[in-house]
Novice: 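Please read through the structure below; I'll follow up with questions.
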Number of protein chains: 2
Amino acid sequence: MPVITSVRTRDVRFPTSLELDGSDAVNVDPDYSAAHVMLSTDGGETGYGLVFTAGRGNELVVHAMESYGALLVGRDVDELLADLGSASRRLVHDSQLRWLGPEKGVAHMACGGLVNALWDMRARRAGVPLWRLLAGMSPAELVGVVDFTHIRNAITPDDALGLLQDALPGRAERIAELERCGYPAYTTTPGWLGYDDEKLLRLCREAVRDGFDMIKLKVGGDPADDDRRLALARGAVGDGVRIAIDANQRWEVGEAIERVTALAAHRPYWIEEPTSTDDVLGHADIRAGVHPVRVATGEAVANRIVFKQLLQAGAIDVMQIDATRVAGVNENVANLLLAARFDVPVCPHAGGVGLCELVAHLSFFDHAAVSGRIGDRVIEFVDHLHEHFVDPVVVRDGRYAAPSAPGTGAAMHEESLRHWEFPDGPGWRDLAEGAPR
Amino acid sequence: MPVITSVRTRDVRFPTSLELDGSDAVNVDPDYSAAHVMLSTDGGETGYGLVFTAGRGNELVVHAMESYGALLVGRDVDELLADLGSASRRLVHDSQLRWLGPEKGVAHMACGGLVNALWDMRARRAGVPLWRLLAGMSPAELVGVVDFTHIRNAITPDDALGLLQDALPGRAERIAELERCGYPAYTTTPGWLGYDDEKLLRLCREAVRDGFDMIKLKVGGDPADDDRRLALARGAVGDGVRIAIDANQRWEVGEAIERVTALAAHRPYWIEEPTSTDDVLGHADIRAGVHPVRVATGEAVANRIVFKQLLQAGAIDVMQIDATRVAGVNENVANLLLAARFDVPVCPHAGGVGLCELVAHLSFFDHAAVSGRIGDRVIEFVDHLHEHFVDPVVVRDGRYAAPSAPGTGAAMHEESLRHWEFPDGPGWRDLAEGAPR
């Protein structure tokens, strides 16, 4: 029997803080980074996974993937891949490691990277992109990958089975439509807080020209700046383009309501992360206070249990799943099912390193086999760092093209991994010699 | 000026799983462990901190303390110790590292270990135990150490100042009373799930003989076992001794209500961790469903924002702070203030490695300077591993004696650190040679 023989990790960082790409009210100077992992078997198979981080601390996710990875080495690959529900639960619920979360932070993200690498291996073995693999699974198989622990008071396995069975009619048509037309995207490229007004305006106009009908702006700094930037953007894109705003958890609850209300004249489409994403009750208060502006969150939501409560409390209008915050594909299938159960649209967070590549599969799968809906949904797009991926996303005319290469999208070019390995890759050595950081 | 010159970390583990000490429905085989840290200065000062974990993964907290510790090396010690509010915020809100939580899991626990080591150094410098240091600070100074981010809709700095000022009268008397009489304790020593009935009975009788008027039993395994064990314990301790039960997050929400209701005839004092501690709304439902049994939680509550919601939602009767889950003394002062604001008693989680030593200071401080209440409060005690500490807690007649040695209690014997360092200490080598684990 083939077994997992190695867990190869890499600490890869890109010096994005030099240009303030990715800068917002809280993440003022991120160096977009990936804790990258490659699982190998003695049968010659590989599976890739990654976890996105903001720079310092990327090494901690690398260490955590090595610690959890030790639980996979020597395990029968066929058995693992045939039952990825059990494989995931084995990692997430390890009787000693779970103390470190439970199910949150570094440990949980590392589990997600490894679980996703197993899915990558399975999709490669099947010769299909992840979303097609998932969209080809029966309702019962899909229910089998979900860990219902601590969410059964919102959705039971039977509820989930019912939802998936209800979505069976039309699966094939929706898959064909997705292959043909892709999935709507919005762009955050214009909106980073560290960009000056001129760059903001130029990028807003480019976004419209490139076919986007929605953009996103970072807010949460000086109120007058937020107002001016939003007015400029509205002027540049016109009334027909949606503008979401994103405070990256910068505000207190009352402050969020005041600040969003002050910007309401510019008709923001949603306010994203108005406060701590741990604050379910706070989000509910904010949602009531800023209506009709929608409330969105999720990129920092630790797990399905917090998403469950955001939905139960009626605290969000938009659920933003993230590909590398939770315990991988399995937990995101749970999140998609929860969203469908509460009839809340899923608009994934992306950007960072590889998040567009990874998360697109989940939205495509959602439309094909879970919600069957697409009109009220949109995937974030940021035009950064895609050149480092073997199968970069393709976004044209404001839409993601359907991923077609086998796997999850996490494979990176060996040359990129080598060049930007931290701290000793040539890219970082050159920077250190030029201008000490 | 003296500066921090080194951050010495140690991965120390004890083979508690051999005897099933510490075993419960979820933590079935813990090896009680500490990620231990020693900060040193070029002025010859030291400060000790630790984070408790359950074994595997202890190395991840060690790595994280090294990563965060790099932010302290070279910093002016006088400046750090004079403003521990700023020192804590500098670690917790580091613009890149915070992505790894934010404020939860491995990263947050590591911040807590370092923040506590700074408090240890400050208390040693002052020549007083931590609780006396805190109880000697003015209300304004105490407010200054608290990070009110994301809790201002429950408690403002002015609210906190008012609470602390209201508790000023009687501080000196309460301190004198604490020095004289100590603080009530309860014991979990009898109740581990891996102990057989005979051991359970023997330890229950010993607890009563030793002067405890409250014990705790682990539940959450087979319902019939829970019922039998609780009946046996009730028989052994009599009607006058409170018996708390603890499910360690084992149950779903509805299941928790059913299971506790089925045990109600044995009059459990509280049900602890009936479900995921992330589930604020679930705890509120459970509390409504199991009344008059109290609901307690906290040892796995990630941060003050989750505690805030548990209080806002009326989801808990008892708040169980933990000394090494959150970002150290500062965040626990915030937690104590929140509890006082909502008039909920604080009964700390302890046990593990060093948690009794550390957390006692917080309860003593709470009574002296925050809540001014003690009658409805009790500190957990487990009679494990205290021999490894330089200043072990003293528990007599069911009460913690007031800590008297300078510092926080985190200093461990060098011989213990050396012997049980994982994986190469002599203790682990001997075990590996005797019986491979």
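Proteins get letters first, then strands, A, B, ... in listed order; numbering begins at 1 in each. Owing to the predicted nature of the structure, the values given are computational and were not obtained by experimental measurement.
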Novice: Do you know which of A/Gln309, A/Arg98, A/Arg152, A/Met109 has the most heavy-atom pairs with chain B at a distance under 4.5 angstrom?
Specialist: A/Gln309

Novice: Can you measure from CG (A/Leu281) to CG (B/Leu281) and round to the nearest 0.5 angstrom?
Specialist: 6.0 Å

Novice: Heavy atoms, side chains only, cut-off 4.5 Å: are A/Ser33 and B/Gln96 in contact?
Specialist: no

Novice: What residue, out of B/Gly55, B/Ala64, B/Ser95, has the most heavy-atom pairs lying under 4.5 Å from chain A?
Specialist: B/Ser95

Novice: Just so I know, are the side chains of B/Thr275 and A/Asn153 near enough to count as touching, which here means a heavy-atom distance under 4.5 Å?
Specialist: no

Novice: Tell me, for B/Leu97 versus chain A, whether the close heavy atoms (under 4.5 Å) come from the side chain, the backbone, both or neither.
Specialist: both

Novice: Taking side chain as C-beta onward, heavy atoms only, is A/Thr149 less than 4.5 Å from B/Glu252?
Specialist: yes

Novice: Pick whichever of B/Ala300, B/Gly282, B/Ser276 has the most heavy-atom pairs under 4.5 Å with chain A.
Specialist: B/Ser276

Novice: B/Thr53, B/Asp285, B/Val51, B/Val28: which one forms the most heavy-atom pairs within less than 4.5 Å of chain A?
Specialist: B/Thr53

Novice: Using the ring of each side chain (for Trp, its six-membered ring), is A/Phe52 parallel, tilted or perpendicular to B/Trp99, with breaks at 30° and 60°?
Specialist: perpendicular

Novice: If you count heavy atoms of other groups shown closer than 6.0 angstrom to CZ of B/Arg250, is the number above 12?
Specialist: no

Novice: Which heavy atom of B/Arg325 sits nearest a heavy atom of A/Gly101, and at what distance?
Specialist: NH1-O, 3.2 Å

Novice: Is it the backbone or the side chain of B/Val61 that comes under 4.5 Å from a heavy atom of chain A, or both, or neither?
Specialist: side chain

Novice: Taking C-beta and beyond as the side chain, do B/Leu60 and A/Leu60 meet within less than 4.5 Å on heavy atoms?
Specialist: no

Novice: Are any of the side-chain heavy atoms of B/Gln249 and A/Pro102 separated by less than 4.5 Å?
Specialist: yes

Novice: State, with a plain yes or no, whether a side-chain heavy atom of A/Ser67 is found less than 4.5 Å away from one of B/Glu59.
Specialist: yes

Novice: Tell me which one of A/His150, A/Gln312, A/Lys308 satisfies side-chain hydrogen bond (donor to acceptor under 3.5 Å, both in side chains) with B/Asp279.
Specialist: A/Lys308

Novice: Check each atom of B/Ala302 against the heavy atoms of chain A and say whether the ones under 4.5 Å are side chain, backbone, both or neither.
Specialist: side chain

Novice: Compute whether any side-chain donor of one residue and acceptor of the other, for B/Asp278 and A/Asn303, lie under 3.5 angstrom apart.
Specialist: yes

